[in-house]
Amino acid sequence: MYSTNLKDNRYKLNCIAIAKEIRVIKFIVDTGARITCCNYRVIDKCMQECELRNSETKLIGGLIKGEAVRFYRYRLKQITIGTINMDAQFIWITFDKRVTDIVLGMDILKQVIMITNPYNKKVYFCKDAEDFNQNFCLKIR
């Protein structure tokens, strides 16, 4: 189990992302986002857009003043949400400098148990039912 606190009306959590290098990245938990996405520099500052020429792409509108942003599907060797190993996962990266948020979306969040507690303003993540049963206890304060 892993938990994080509400800060500035956002839940942010440390994730370990392994691509060419190992990075610790602070993602914003966004249950309204369908995909996990970020700017390429978060994953690999030396990455070139031409390297992803054969990757699946998405144009997502409305992110930046109603304009569409191109994202590329990118495979991480591993992503870990706090202490929960999610193994290899696909995320979406962009080379558009206007995209600054690092979003953990429902494509990955739907794979874990997520519980929010309004009493202590925490969100808890459990890998599976066993993790939940062994570690979760609702605390009011």
Side-chain angles (χ1 to χ4, degrees), residues 1-49 51-141:
M1 184 173 70
Y2 177 74
S3 70
T4 188
N5 294 318
L6 183 67
K7 184 176 180 184
D8 301 325
N9 283 327
R10 288 185 165 182
Y11 288 109
K12 295 181 181 179
L13 56 112
N14 286 328
C15 294
I16 298 170
I18 301 174
K20 291 179 184 173
E21 297 179 19
I22 299 171
R23 301 236 189 244
V24 177
I25 303 167
K26 192 169 286 288
F27 279 86
I28 298 167
V29 176
D30 189 345
T31 59
R34 290 177 54 206
I35 63 171
T36 297
C37 60
C38 63
N39 190 284
Y40 80 97
R41 295 182 63 76
V42 172
I43 303 299
D44 181 353
K45 293 177 184 174
C46 298
M47 187 184 300
Q48 300 291 317
E49 194 166 6
E51 295 175 43
L52 300 176
R53 151 177 351 134
N54 296 322
S55 297
E56 181 182 345
T57 62
K58 281 184 188 261
L59 283 175
I60 301 177
L63 288 179
I64 310 292
K65 298 180 183 176
E67 295 180 28
V69 175
R70 179 179 307 278
F71 285 89
Y72 296 89
R73 190 172 188 228
Y74 184 78
R75 184 181 182 275
L76 291 176
K77 294 175 186 172
Q78 179 184 334
I79 187 166
T80 303
I81 297 174
T83 57
I84 301 170
N85 179 5
M86 301 299 296
D87 297 318
Q89 297 285 325
F90 285 97
I91 64 169
W92 295 85
I93 60 173
T94 185
F95 290 82
D96 192 319
K97 294 176 184 175
R98 301 172 299 170
V99 174
T100 57
D101 282 347
I102 305 166
V103 174
L104 188 64
M106 288 305 297
D107 54 346
I108 293 178
L109 289 172
K110 70 183 179 186
Q111 299 174 52
V112 296
I113 298 169
M114 191 171 78
I115 304 111
T116 57
N117 183 341
Y119 297 110
N120 63 7
K121 299 197 182 340
K122 284 189 174 201
V123 64
Y124 298 87
F125 299 90
C126 300
K127 175 71 176 166
D128 51 28
E130 182 180 344
D131 185 19
F132 175 84
N133 288 331
Q134 288 178 356
N135 297 303
F136 189 75
C137 177
L138 180 63
K139 296 177 185 170
I140 296 177
R141 297 278 175 217

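All heavy atoms count here, side chains included; hydrogens, waters and symmetry mates do not. The residues of the chain are indexed from 1 along the displayed sequence. On a predicted model such as this, the values are computed, not experimentally measured, just so you know.
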K.L.:
Is there a side-chain contact between I113 and F136 (heavy atoms, below 4.5 Å)?
P.N.:
no

K.L.:
Testing the basics here: between I115 and C126, what is the closest heavy-atom pair and its distance to 0.1 Å?
P.N.:
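Taking every non-hydrogen atom into account, CD1-SG, 4.5 Å.
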
K.L.:
Any sub-3.5 Å donor-acceptor pair from D8's side-chain atoms to R10's backbone N or O?
P.N.:
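Looks like no, no N/O pair under 3.5 Å.
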
K.L.:
Rounded to the nearest 0.5 Å, how far does CD1 of I79 lie from CG of D87?
P.N.:
11.5 Å

K.L.:
Please confirm whether the backbone N or O of M1 pairs with a side-chain atom of D131, one donor and one acceptor, at under 3.5 Å?
P.N.:
yes

K.L.:
Find out whether I93 and D44 are in side-chain contact, i.e. whether some heavy atom of one side chain is under 4.5 Å from a heavy atom of the other.
P.N.:
no

K.L.:
Can you tell me how far apart CZ (F90) and CD1 (I35) are? Round to the nearest 0.5 Å.
P.N.:
13.5 Å

K.L.:
Is there a side-chain contact between L76 and I43, using heavy atoms and a 4.5 Å cut-off?
P.N.:
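Heavy-atom side-chain distance check passes, below 4.5 Å.
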
K.L.:
With sequence neighbours left out, write down each residue that passes side-chain contact (heavy atoms from CB on, under 4.5 Å) with N14, or none if nothing qualifies.
P.N.:
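Y2, V24, K26.
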
K.L.:
Would you compute the distance between atom OG1 of T116 and atom NZ of K121 and round it to the nearest 0.5 angstrom?
P.N.:
11.0 Å

K.L.:
Please round to the nearest 0.5 Å and tell me the distance separating atom OG1 of T80 and atom CD1 of I18.
P.N.:
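If we round to the nearest 0.5 Å, T80:OG1 and I18:CD1 are 6.0 Å apart.
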
K.L.:
Do you know which of Y72, W92, F71 makes side-chain contact (heavy atoms from CB on, under 4.5 Å) with E56?
P.N.:
W92

K.L.:
Among side-chain atoms of Y40 and E49, is any donor-acceptor pair under 3.5 angstrom?
P.N.:
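Checked: Y40/E49 side chains show no N/O donor-acceptor pair below 3.5 Å.
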
K.L.:
Are N5 and K7 side-chain neighbours, meaning at least one heavy-atom pair lies under 4.5 Å?
P.N.:
no

K.L.:
For a quick test of reading the model, state the closest non-hydrogen atom pair linking I108 to Q89 and the distance between them.
P.N.:
CG1-OE1, 3.8 Å

K.L.:
Taking all heavy atoms of A88 and all of R75, pick out the closest pair and write down the distance.
P.N.:
CB-NH2, 3.2 Å

K.L.:
Which pair of non-hydrogen atoms, one from A17 and one from I25, has the smallest distance, and what is that distance?
P.N.:
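Heavy atoms of A17 and I25 come nearest at CB-CD1, 3.6 Å.
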
K.L.:
Pairs in or reaching into residues 94-110: which pass side chain to side chain donor-acceptor pair (under 3.5 Å), with residues at least two apart or in two chains?
P.N.:
T36-D107, E67-R98, D96-R98

K.L.:
Atom SG of C37 and atom OH of Y74: how far apart are they, to the nearest 0.5 Å?
P.N.:
15.5 Å

K.L.:
Looking at I22, I'd like to know if its CD1 atom is crowded, meaning that more than 12 non-hydrogen atoms belonging to other residues, nucleotides or ligands lie closer than 6.0 Å.
P.N.:
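Not buried by this count: 12 neighbours or fewer within 6.0 Å.
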
K.L.:
Under 4.5 Å between any side-chain heavy atoms of Y124 and M114, yes or no?
P.N.:
no

K.L.:
Once you round to the nearest 0.5 Å, how far does CD of E51 lie from CZ of F95?
P.N.:
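The CZ atom of F95 is 7.0 Å from CD of E51, to the nearest 0.5 Å.
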
K.L.:
With the side chain counted from C-beta on, respond yes when V42 and R23 share a heavy-atom pair under 4.5 Å apart, and no when they do not.
P.N.:
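Side chain of V42 against side chain of R23, heavy atoms only: no contact under 4.5 Å found.
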
